[in-house]
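Input: a single structure, listed below in structure tokens.
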There are 2 protein chains.
Amino acid sequence: MKLSEGVEAAIHCAATLAGVEGGATMPGAALAEQFGLSGSYLLKHLQALTAAGILESVPGPAGGYRLARAPDRISLLDIVLAVEGPQPAFRCGEIRRNGPVKLPTDAYVKPCGIKVAMLRAERAYRAALAEEKLSDIVADFMSDADPRSVAAACAFAERHQRPQKSSSPKQ
Amino acid sequence: MKLSEGVEAAIHCAATLAGVEGGATMPGAALAEQFGLSGSYLLKHLQALTAAGILESVPGPAGGYRLARAPDRISLLDIVLAVEGPQPAFRCGEIRRNGPVKLPTDAYVKPCGIKVAMLRAERAYRAALAEEKLSDIVADFMSDADPRSVAAACAFAERHQRPQKSSSPKQ
DNA sequence: GTACATGTACTCGGATACTGGGTGTCCGAGTGTCGCCGG
DNA sequence: CCGGCGACACTCGGACACCCAGTATCCGAGTACATGTAC
């Protein structure tokens, strides 16, 4: 039961990207600098988010990443699943069948009760994660966090975002 | 987000031990055979359960493991935490502080909103796991599972449990 | 002066090493039992 | 025949290798802009 470090980075990046204007993008290198990470490595996770349809990538100069949809339609579950993969945390190896007593296969049509219980709890986890919207994260940060921190984040976003001329119809 | 394989084995072992009489024990080697696992390896997890106070170990011949308390007072959360460790799945590395802009430490007294959100979801997960009692797992297995599977499990338990003469006051 | 071709700089993307936790295995410590010996 | 002693067998417990996912890094592909040249 351990999430990879990339999850934290991915969420922070998504939250940062939620602060830039509509069509503007921010290079992965800037995001990496923002959090003191290796740019080359952070790209790996940004690519995962892009593949999952959470981010969009724009190549070339003045390119970068931006959110693919509104922050209130992005949940922490989406990000976690994109980085960690969709498979559940509990993997049932069906070890109940590995005993020395070999029962016919049709004795195991009923699913393993332990698996059912574990997945039921995991559904609760995912439901709770799905309730945590990226927009709420950002809103709470803007209102509750230390003003200096907010100002620094906004300044950084302002400085590194690159407005897209083609896609953004003038702001 | 991936639980170790040992969790599945630990839960199965605990469920099996819930089926033996009060003071009786079952050797770890028997449990390993029951699930086709390496005995030496399974001990590692059984030791973790023992250290967490979920199981009791009896050394010497006729020794083995048994539940340390009633199955209705053992939840899947207890077992998962014993095997995986108590630390939460989401580890906040405070990467928000790693940026090039160095703010004073007192700008970060408020906890990271992302951490708060992640841990809130994780609390839901743990609460759901805490609701899954080992007694329910066993009861569901006894009533719902295939009769042949139940019979095999009972026969195995009957064959391998070793009644403790000292602690069990004659059954 | 304008339009086109070319070179450059910047971006993302995928392929390639390194490392730590989990997995798997081994040998040693402790304990109860059985057998043997002495009384 | 009974009690004490010693060796044995079985158990758990901790310490030691192996392997894969995650971590970290590099180089290559693609695109937009800037520049230089021809018309």
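Note on naming: letters A, B, ... go to the chains in the order of the sequence lines (proteins, then strands), and numbering restarts at 1 for each one.
- Using a 4.0 Å cut-off on heavy atoms, the residues of residues 1-16 of chain B that approach DNA chain C are S4(B), E5(B), listed by number.
- Remark: E122(A) pairs with no residue by the side chain to side chain donor-acceptor pair (under 3.5 Å) rule, at least two apart or across chains.
- Counting to the nearest Å, the P atom of dG13(C) and the CG atom of L42(A) are 12 Å from each other.
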Hey, can you pull the donor-acceptor pairs under 3.5 Å for the side chains in residues 137-151 of chain A, sequence neighbours left out?
from    : atom 1 : to      : atom 2 : distance (Å)
S143(A) : OG     : A139(A) : O      : 3.1
S143(A) : OG     : D140(A) : O      : 3.3
D146(A) : OD1    : R148(A) : N      : 2.9
D146(A) : OD1    : R148(A) : NE     : 3.0
D146(A) : OD2    : R148(A) : NH2    : 3.1

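- Y108(A) meets the side chain to side chain donor-acceptor pair (under 3.5 Å) test with no other residue; sequence neighbours excluded.
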Extract all donor-acceptor atom pairs below 3.5 Å that involve side chains of residues 48-62 of chain B and protein atoms in other chains or at least two apart in sequence.
from   : atom 1 : to     : atom 2 : distance (Å)
T50(B) : OG1    : L46(B) : O      : 2.8
E56(B) : OE1    : R66(B) : NE     : 3.0
E56(B) : OE1    : R66(B) : NH2    : 3.4

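- The nearest whole Å value for the distance from the NE2 atom in H45(A) to the P atom in dG14(C) is 15 Å.
- Across residues 82-93 of chain A, not one residue has a non-hydrogen atom less than 4.0 Å from an atom of DNA chain C.
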TODO: Could you encode protein contacts along nucleotides 4-20 of chain D as a string, one character per nucleotide from 5' to 3', using B for base contact, S for sugar-phosphate-only contact and - for no contact, with a heavy-atom cut-off of under 4.0 Å?
DONE: -----BBSSBB------

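- Two residues are said to be in side-chain contact when any heavy atoms from C-beta on lie closer than 4.5 Å; P27(B) and Y65(B) fail this criterion.
- By the salt bridge (charged side-chain N to carboxylate O under 4.0 Å, His left out) test, R73(B) pairs with no residue at all, sequence neighbours left out.
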Distance-only donor-acceptor pairs under 3.5 Å for side chains of residues 99-107 of chain B, two or more places apart:
from    : atom 1 : to     : atom 2 : distance (Å)
K102(B) : NZ     : G99(B) : O      : 3.3

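- Sequence neighbours left out, the pairs with a member in residues 76-94 of chain B that pass side chain to side chain donor-acceptor pair (under 3.5 Å) are S4(B)-E84(B), R69(B)-D78(B), S75(B)-D78(B), E94(B)-R96(B), E94(B)-R97(B).
- Between Y41(A) and dT25(D) there is no side-chain N or O to OP1 or OP2 distance below 4.0 Å.
- When the side chain to side chain donor-acceptor pair (under 3.5 Å) test is applied to R123(A), no partner is found at least two apart in sequence or on another chain.
- Qualifying ring pair (Phe, Tyr, Trp, His ring centres under 6.0 Å) partners for Y125(A), counting only residues two or more places apart in sequence or in other chains: Y125(B).
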